[in-house]
Protein chains: 4
Amino acid sequence: MGNFKGHALPGSFFLLFGLWWSVKYPLKYVCRKNKSACYLGSRAGFQRLEFVEGIIKAVFALIGMVAEQFVPDGPHLKLYNYEEKHWDHLMNWQHATMYLFYGISGLVDIVAHGTNALPVAMDRMMLSLAVFIEGFLFCYHLHGRAMLDIHVHQLLLFAIFGAAVCIFLEVFFRGSIVLEMLRTSLCILQGSWFWQIGFVLYPPNGSPEWNQTDHTNMMFLTMCYCWHYAFAFLILAVNYTIVNLSVCSSRNFIF
Amino acid sequence: MGNFKGHALPGSFFLLFGLWWSVKYPLKYVCRKNKSACYLGSRAGFQRLEFVEGIIKAVFALIGMVAEQFVPDGPHLKLYNYEEKHWDHLMNWQHATMYLFYGISGLVDIVAHGTNALPVAMDRMMLSLAVFIEGFLFCYHLHGRAMLDIHVHQLLLFAIFGAAVCIFLEVFFRGSIVLEMLRTSLCILQGSWFWQIGFVLYPPNGSPEWNQTDHTNMMFLTMCYCWHYAFAFLILAVNYTIVNLSVCSSRNFIF
Amino acid sequence: MGNFKGHALPGSFFLLFGLWWSVKYPLKYVCRKNKSACYLGSRAGFQRLEFVEGIIKAVFALIGMVAEQFVPDGPHLKLYNYEEKHWDHLMNWQHATMYLFYGISGLVDIVAHGTNALPVAMDRMMLSLAVFIEGFLFCYHLHGRAMLDIHVHQLLLFAIFGAAVCIFLEVFFRGSIVLEMLRTSLCILQGSWFWQIGFVLYPPNGSPEWNQTDHTNMMFLTMCYCWHYAFAFLILAVNYTIVNLSVCSSRNFIF
Amino acid sequence: MGNFKGHALPGSFFLLFGLWWSVKYPLKYVCRKNKSACYLGSRAGFQRLEFVEGIIKAVFALIGMVAEQFVPDGPHLKLYNYEEKHWDHLMNWQHATMYLFYGISGLVDIVAHGTNALPVAMDRMMLSLAVFIEGFLFCYHLHGRAMLDIHVHQLLLFAIFGAAVCIFLEVFFRGSIVLEMLRTSLCILQGSWFWQIGFVLYPPNGSPEWNQTDHTNMMFLTMCYCWHYAFAFLILAVNYTIVNLSVCSSRNFIF
């Protein structure tokens with residue numbers, strides 16, 4: 001993961017989910033308000049969506065785990081190097097562990113929304129835990145790096161732990177559009193910030209390196225983080241408006 | 001912003017909003033109790049008030065952003081100095097970013113209370129975020145300053161993050177007079193403390209400088225902060241009493 | 001306050017309130033369960049009790065403030081020594097500030113339970129704030145002291161901030177016997193720990209001094225703190241049982 | 001406790017309770033859903049179970065306290081060594097204090113579920129406090145140890161404080177299957193991690209010592225902690241499935 005692609009890939013996953021949620025939750029909200037208008041917005045329809053989301057999450061996580069293990073310079077399931085007596089590719093194992101919990105969260109989604117054996121709120125609890133574990137592993141990930149490197153990853157932790165708390169609250173306030181929007185915005189933020197980290201730490205196309213010890217760089221990036229967040233809200237606002245208008249205009253037709 | 005006026009201005013904004021809220025929320029509460037008495041206290045009336053508040057907030061934020069950019073020694077929208085290869089006027093950009101989020105919060109107020117497209121609770125969520133972002137940027141603002149300077153700004157953070165948490169709770173306990181009073185008191189505290197910071201760090205009228213490294217100064221200011229808070233409650237109590245009496249005495253007339 | 005008496009006095013106040021609450025809240029709970037049995041347990045009766053409690057709190061706070069100001073070596077309302085250019089008796093002023101907020105809390109109790117102008121939940125909010133301010137001032141109180149001194153005061157902070165959070169929760173879960181018992185236990189803990197601090201830092205009767213830098217002393221005191229808490233629950237249990245039995249046995253008579 | 005057995009024993013207790021809960025709570029949930037099917041699942045039956053659990057908890061705690069005091073190299077109730085003027089066996093006393101609070105929690109369970117004198121929610125509050133006190137004492141337990149030793153105990157604190165918060169939430173959201181599952185998973189995690197600590201710090205059977213200052217060991221153990229947690233969820237899932245199937249298949253018979 002110590003390269004541009006290694007940050008762009010998870011960033012894209014988070015962006016994808018964030019963008020999808022920024023369409024889904026407004027749609028759900030609007031449909032609940034105008035019950036007569038929406039065909040798609042039935043309770044069962046959205047439950048099926050969550051089921052499919054779970055499958056996609058589990059598949060993505062599986063792909064991620066396999067990729068981390070079997071990339072050319074990966075550990076190939078070897079954890080300890082007995083000859084040289086040291087741990088092997090701990091970074092890859094850590095990332096695989098992060099994916100593992102997202103995989104578990106996907107499985108719980110599938111069972112909770114596919115059968116009625118599991119209480120529905122379990123999906124939020126597992127997702128919250130998966131996000132928390134991601135942040136938890138990140139915390140112990142940064143030992144001995146340069147100042148700027150630590151700083152940009154620490155900023156990421158705000159989005160991660162914020163999302164974990166937000167999703168945990170959803171266990172008790174399920175279906176609250178405010179929390180769902182907050183989660184979506186934090187997910188988009190995390191995605192776009194992963195891209196930003198890639199650009200800062202591994203500038204592609206031979207751009208000049210960032211000075212890792214310059215304090216003004218840190219100040220700029222803190223501010224830049226806020227701009228990313230404002231941008232996430234812009235996306236949310238645009239999608240919300242589009243969904244709102246398209247549902248209203250199609251109220252005469254069968255949607 | 002590194003002068004007396006730069007702290008007095010935002011302080012005045014916060015004081016203005018705090019004082020206004022210290023009239024509005026008691027009025028709302030009293031009107032809800034004595035429904036027959038209040039003409040103004042109708043649900044629609046207060047919604048219109050929130051709409052107007054949103055406009056004022058957005059306008060103030062816009063003025064703030066423009067001012068930070070186009071004051072004589074401001075950045076004039078220039079972020080990076082390519083000749084000397086360093087960031088340009090990061091302080092002003094950070095303050096502009098703070099104003100940006102208050103502006104977004106104002107816009108959300110306008111849409112949430114002007115139309116019925118947005119869930120109403122979104123206004124509290126965005127305000128909470130705007131306050132949080134203010135505190136977040138303050139945290140990374142203080143690097144390399146003198147001890148007393150850091151201390152007075154850290155004290156401010158209690159009011160800021162306290163308000164952010166309080167407003168976030170309002171998402172779930174909307175209309176709770178207790179939370180609204182708490183928020184109002186913290187807003188007044190923030191406003192008056194901005195003034196105090198101005199007096200401490202940039203004494204006007206040629207008063208002697210404060211000793212930045214004297215520990216007793218720190219202890220005094222911590223205590224002084226509590227007195228400001230007690231003072232905020234005094235204002236709240238006075239306004240609450242006035243509102244209460246004027247509504248009761250006018251119950252016979254058309255209010 | 002830097003002597004044995006200065007810690008025993010506030011300790012006694014907290015113990016007094018804790019013991020009183022350990023009778024009052026079980027009584028209230030039992031009376032709510034056996035409505036027919038209790039004459040005293042009427043809603044109005046308990047409201048009058050809270051009113052009286054507010055008066056006592058306000059009087060105690062006033063006495064505390066006056067005492068801190070006008071003890072022989074107190075500041076006598078003088079805050080700044082202009083001759084020698086330093087702050088005067090900051091410790092006494094800080095303690096007076098703590099009392100001030102308890103006084104405000106008492107006033108709010110009086111108004112909230114004596115009239116119906118104020119929402120009732122305001123009393124809990126102000127009490128929570130008073131406790132929080134006490135802890136807040138304690139945090140900035142300990143600069144430059146010996147290790148053991150800091151440690152015993154830090155332990156106190158757990159009881160203080162725990163109580164502040166607990167009382168704040170009561171704003172939303174008013175009348176929850178569990179939170180009231182938790183608050184009572186933390187109040188007794190705080191009271192008895194004040195006494196313990198007095199014994200540790202200012203051993204009366206010529207007992208030998210405690211070694212301020214011995215780590216095993218710290219470990220013992222941490223444990224001792226837990227024993228105090230267990231002791232607080234013992235008191236609670238005994239009082240709860242007595243109240244329960246006396247109400248049950250008097251059910252046949254007029255109570 | 002400074003040996004392998006001293007960590008395996010409490011680990012086994014926590015595992016035992018965790019495994020038992022991983023059967024009990026799914027059973028309770030399934031029975032509530034299929035009311036007709038379950039004979040055992042009556043409200044009274046589960047209350048009797050909680051009563052028995054309280055007795056077992058109290059007995060275990062008593063055994064633990066006695067064992068910590070009267071093991072051959074224990075303190076035998078002697079707290080201070082007056083000859084050599086130092087505290088005696090503070091570690092054993094601290095562990096006994098931890099057991100004491102679990103004992104109190106057991107007693108409260110017995111009274112709350114055996115009689116109707118105590119509000120039922122008190123059992124969760126006391127359990128939450130017992131877990132919190134365990135974590136609190138652990139925090140001040142680690143002074144002056146090697147890096148790896150501190151790290152593995154710090155990881156434990158996440159499970160402990162997580163469980164304390166989770167159980168405290170149960171005071172307000174009693175009977176929420178999601179919180180009960182979370183608590184169960186954290187309890188199993190704590191148990192299995194105690195075993196892991198034993199294996200790491202006191203390798204049995206003459207295995208080689210772990211390098212206490214190697215940073216990669218810390219990274220591996222952080223990850224290992226997550227695997228333990230994933231394993232805890234695996235156990236939960238297996239038990240949940242078994243309970244679910246056995247209840248469904250026995251629906252025709254008297255269960």
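Residue numbers start from 1 in every chain, and the chains themselves are labelled A, B, ... in the order their sequence lines are given, proteins ahead of strands.
Residue contact with chain A, scored on non-hydrogen atoms closer than 4.5 Å, involves the side chain of B:Leu100 exclusively. For B:Leu107, no part sits under 4.5 Å from any heavy atom of chain A, backbone or side chain. For A:Leu221, no part lies near chain B; criterion is any non-hydrogen pair under 4.5 Å. Residue contact with chain A, scored on non-hydrogen atoms closer than 4.5 Å, is absent for B:Met98. Residue contact with chain B, scored on non-hydrogen atoms closer than 4.5 Å, is absent for A:Leu234.
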Step through the atoms of chain B and chain A and list each donor-acceptor pair whose separation is under 3.5 Å.
| unit_1 | atom_1 | unit_2 | atom_2 | d |
| --- | --- | --- | --- | --- |
| B:Trp87 | NE1 | A:Asn217 | OD1 | 2.7 |
| B:Thr97 | OG1 | A:Trp227 | NE1 | 3.0 |
| B:Asn116 | O | A:Lys33 | NZ | 2.7 |
| B:Ala117 | O | A:Tyr240 | OH | 2.7 |
| B:His143 | ND1 | A:His215 | NE2 | 3.3 |

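In terms of the ring pair (Phe, Tyr, Trp, His ring centres under 6.0 Å) criterion, residue partners of B:Phe173 (sequence neighbours excluded) are, by chain and number, C:Phe172.
Between B:Val108 and A:Phe233 there is no side-chain heavy-atom pair separated by less than 4.5 Å.
Heavy atoms only, all atoms of each residue included: A:Val178 and B:Met125 are closest at CG1-CG, 3.4 Å.
Between B:Leu137 atom CG and A:Met223 atom CE the span is 8.5 Å, to the nearest 0.5 Å.
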